[in-house]
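I have placed the structure first, in the form of structure tokens, so that the comments after it can refer back to it.
These numbers come from a predicted model, not from an experiment. So that the names make sense, note that chain A is the first sequence line, chain B the second, and so on, each numbered from 1.
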Amino acid sequence: MTNKFYVTTPIYYVNDKPHIGSAYTTVVADALARANRLRGVPTMFLTGTDENSQKNVEAAQKAGAAGKILSEADFRSYLDEMATIWQRTWKELGISFDDFIRTTEERHRKAVDRFWRAVSKSGDIYKDSYESLYCVGCEEFKTPFAIKDSHCPLHPNQELQLVKEENYFFRASAYKDELLKLYHDHPEFIQPVSRMNEVRSYVKDAFEDFSISREAKHLSCGIPVPDDDSQRIYVWFDALINYLSAVGYGTDDKLFKKWWPATLHLVGKDIIKFHCALWPTMIMSAAKSDPLLQNEDGSPMLPERIFAHGFFTIDGQKISKSLDNAVDPLDLAKEYPFDAVRYFLLREIPFGEDGDFSKTRLAERYNTDLGNTLGNLVNRAISMSRKYFNNQVPNTNVQNTMTALPETSWAGSEGMDTLWQSVDQYIEATRLDLALETIWTGENCSLISANKYVEETKPFKLAKDNLEQAGIVLYTLLEACRQYAWMIEPIMPNIAEEIIRQLGQDPKKERKQGIKVLKTWGGLKPGSELPEPKILFPRNS
RNA sequence: CGCGGGGUAGAGCAGUUGGCAGCUCGCCAGGCCCAUAACCUGGAGGUCGUGGGUUCAAGUCCCACCCCCGCAACCA
């Protein structure tokens, strides 16, 4: 692994505001970014908007007054407005993106220009007259192979359009073998495995050259082809390059060298072909003529990993506007602390699989996992300490708290180390669901174990006849809570900080000490003040 | 021969490299009283879709079959 973490989400079309699906991708990226930052890894987290699409034009048209012709300025202000909405939504949801790229920005245009010229110099762009069936739904030309009953299988009720025009083509097919070799040599390149298989068979059977431009007269947006103003770059060819332009390709070589290649592209399962097949071949080609895209040995600098996550249904049904079941993440944030929604999204769905979103289930998880198990543990530990130890963390010898009291199942500070190891391992594997599961119900020092430890030792009784032991147990619980807070920080940043504050510590100061210190047993100072606890997750009926 | 997902306790779901079938909710019984009617223990409840096969051992691998869900547009 490299010593930096550059993670991306897809750039989103701005034909609508964010819904729970795009929020999911973005929350996953955010949690991974936070986890890496916490671990001291230099992190770049990129998200943004895809603005050069005909779909956006249509949306802008609809948003405007009926019958009014959309002017260039109208479109631009629509894009600005939507981009603002997306950015604001992410901020309200606590998304810690480091950069937000818009494909209408100058820096992107420059990157695309440089990239196109590089591919062209490599001899992989040619002009050809093209007559083919075009699916407006997919925004792509369909090969005969991909057509069923003279319709696109993805959009069977939409007529395919017969388009005949001069276009530029990208010689992707020239890289087919190199691509297959990449899959073979780097099985981790595409995850989960099922997607790798899907992509591989697509490349083997149906991978052809891509048409990468459209005649400008058909489009009211798009980046002009370098040196040919009559053509506009096809939206996908332009969009993928955002991952380069955001880190300085074409504008800032030094910055680019710092961040590229991307560590991880997070994508939805619907766009894997573009990311897993087209994108690497684009780079392979450009790299031949652009040293900036080459590794030291001259090989192309490809992204390290692409992870395709699944889709949500809402109460078992596909997200659809006609059913009006699209869930607005901002609405959810009104009903629950958004940390709770983040927890739900990341805990509920095995990463990479499809999953279901239901408010009932969210309420259940909120009350049980969060309120009963975590919130209650923090609350009872602090309350008892305050009650029996003068509103302080028991002033006990930390050494004595590293092992459990006899005849209990608590695994001690070693168990806590083991828990950290599992958590780190799962985060590394992008399995946040498993990381959370382990923290909650695992063998070693999970939240459940901690609650059990209370039952086994009964500190509320010990306080009466063995105050020293009571102190040991309570210190153990408080210190465990401190560590739990840091374990869940990437997933629930606000709650984590709140727990730290309730333990009488300053989250910012603690964070500065670095992960190694945070993980070390005994970070909580014996005898320090404990403020009155507040309910972390008020029960919701 | 379209594509994809799935069939595991009443409900919702986990089950990495095959090794005594788990989690949450609900239900029953008990304990506890520090805490958010929260916490802990025990119990009932599963022929892991069906039929074959490989293996000392299969929910997990192989083969066949059955059933369910999504695939106009909006849409990750």
Would you measure the distance from the [atom1] atom in [N] across to the matching atom in [M] and give it in whole Å?
| N | M | atom1 | result |
| --- | --- | --- | --- |
| B:C13 | B:G70 | P | 15 Å |
| B:G59 | B:U47 | C1' | 13 Å |
| B:C48 | B:C61 | C1' | 16 Å |
| B:A29 | B:C66 | C1' | 41 Å |
| B:C23 | B:G43 | P | 12 Å |
| B:U8 | B:C68 | P | 15 Å |
| B:G26 | B:A35 | C1' | 24 Å |
| B:G42 | B:G5 | C1' | 39 Å |

What is the distance, to the nearest angstrom, from the [atom1] atom on [X] to the [atom2] atom on [N]?
| X | N | atom1 | atom2 | value |
| --- | --- | --- | --- | --- |
| A:Asp356 | B:A11 | CG | C1' | 13 Å |
| A:Glu437 | B:C23 | CD | P | 10 Å |
| A:Leu447 | B:C39 | CG | P | 12 Å |
| A:Tyr426 | B:A14 | OH | C1' | 11 Å |
| A:Tyr366 | B:C25 | OH | P | 16 Å |
| A:Lys269 | B:C71 | NZ | C1' | 10 Å |
| A:Glu456 | B:C40 | CD | C1' | 9 Å |
| A:Asp354 | B:G6 | CG | P | 7 Å |

Tell me what [X] touches on the nucleic acid: a base, only sugar-phosphate, or nothing, going by heavy atoms under 4.0 Å.
| X | value |
| --- | --- |
| A:Gly355 | nothing |
| A:Ile448 | sugar-phosphate |
| A:Phe311 | base |
| A:Thr368 | sugar-phosphate |
| A:Ile382 | nothing |

Is the shortest side-chain N/O distance from [X] to OP1 or OP2 of [N] below 4.0 Å?
| X | N | value |
| --- | --- | --- |
| A:Arg431 | B:G15 | yes |
| A:Asn372 | B:C39 | yes |
| A:Lys458 | B:G31 | no |
| A:Lys461 | B:C33 | yes |

Go through the side-chain N and O atoms of A:Gln469 and A:Thr457 and say whether any donor and acceptor fall under 3.5 Å apart.
no

Any side-chain donor paired with an acceptor under 3.5 Å for A:Gln54 and A:Glu58?
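No.
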
Would you call A:Lys452 and A:Glu455 a salt bridge, taking side-chain N to carboxylate O under 4.0 Å as the test?
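The answer is no: the pair does not qualify as a salt bridge.
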
With a 4.0 Å cut-off on N to O distance, would you call A:Arg361 and A:Glu364 a salt bridge?
yes

Nearest to the side chain of [X], heavy atoms from C-beta on, is which of [options]?
| X | options | answer |
| --- | --- | --- |
| A:Arg361 | B:C34, B:G15, B:U24 | B:U24 |
| A:His309 | B:C34, B:U36, B:A76 | B:A76 |
| A:Arg195 | B:G5, B:C39, B:A76 | B:G5 |
| A:His19 | B:C34, B:A76, B:U36 | B:A76 |
| A:Lys387 | B:C25, B:A35, B:A76 | B:A35 |
| A:Ser383 | B:A35, B:U36, B:G4 | B:A35 |

Mutual orientation of the aromatic rings belonging to [X] and [Y] [parallel < 30°, tilted 30-60°, perpendicular > 60°]:
| X | Y | answer |
| --- | --- | --- |
| A:Phe75 | A:Tyr78 | parallel |
| A:His275 | A:Tyr243 | tilted |
| A:Phe307 | A:Phe351 | parallel |

Are more than 12 heavy atoms, taken from residues, nucleotides or ligands other than A:Glu443, located less than 6.0 Å from that residue's CD atom?
no

Do A:Trp440 and A:Tyr343 have their ring centres less than 6.0 Å from each other?
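When the ring centroids of A:Trp440 and A:Tyr343 are compared, they turn out to be within the sub-6.0 Å range.
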
Let me spell it out: for each of A:Glu455 and A:Glu364, pick the nucleotide of RNA chain B with the closest heavy atom. Which residue's pick is nearer the 5' end?
A:Glu364

When the nearest nucleotide of RNA chain B is assigned to A:Glu348 and to A:Tyr388 on a heavy-atom basis, which residue is associated with the more 5' position?
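The residue mapped nearer the 5' terminus is A:Glu348.
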
Taking atom types as they are modelled, would you say the side chain of A:Asn376 forms a donor-acceptor pair with the base of B:A35 within the 3.5 Å cutoff?
yes

Counting N and O atoms only, with roles assigned by atom type, does the side chain of A:Tyr453 sit under 3.5 Å from a partner on the main chain of A:Leu405, one being a donor and the other an acceptor?
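Looks like yes, one N/O pair under 3.5 Å.
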
Return the stems involving RNA chain B, sorted by first number, where pairs are Watson-Crick (N1-N3 with N6-O4 or O6-N4) or G-U wobble (N1-O2 and O6-N3), both under 3.5 Å, and runs are 3 or more long.
B:2-7 with B:66-71, B:10-13 with B:22-25, B:27-31 with B:39-43, B:49-53 with B:61-65

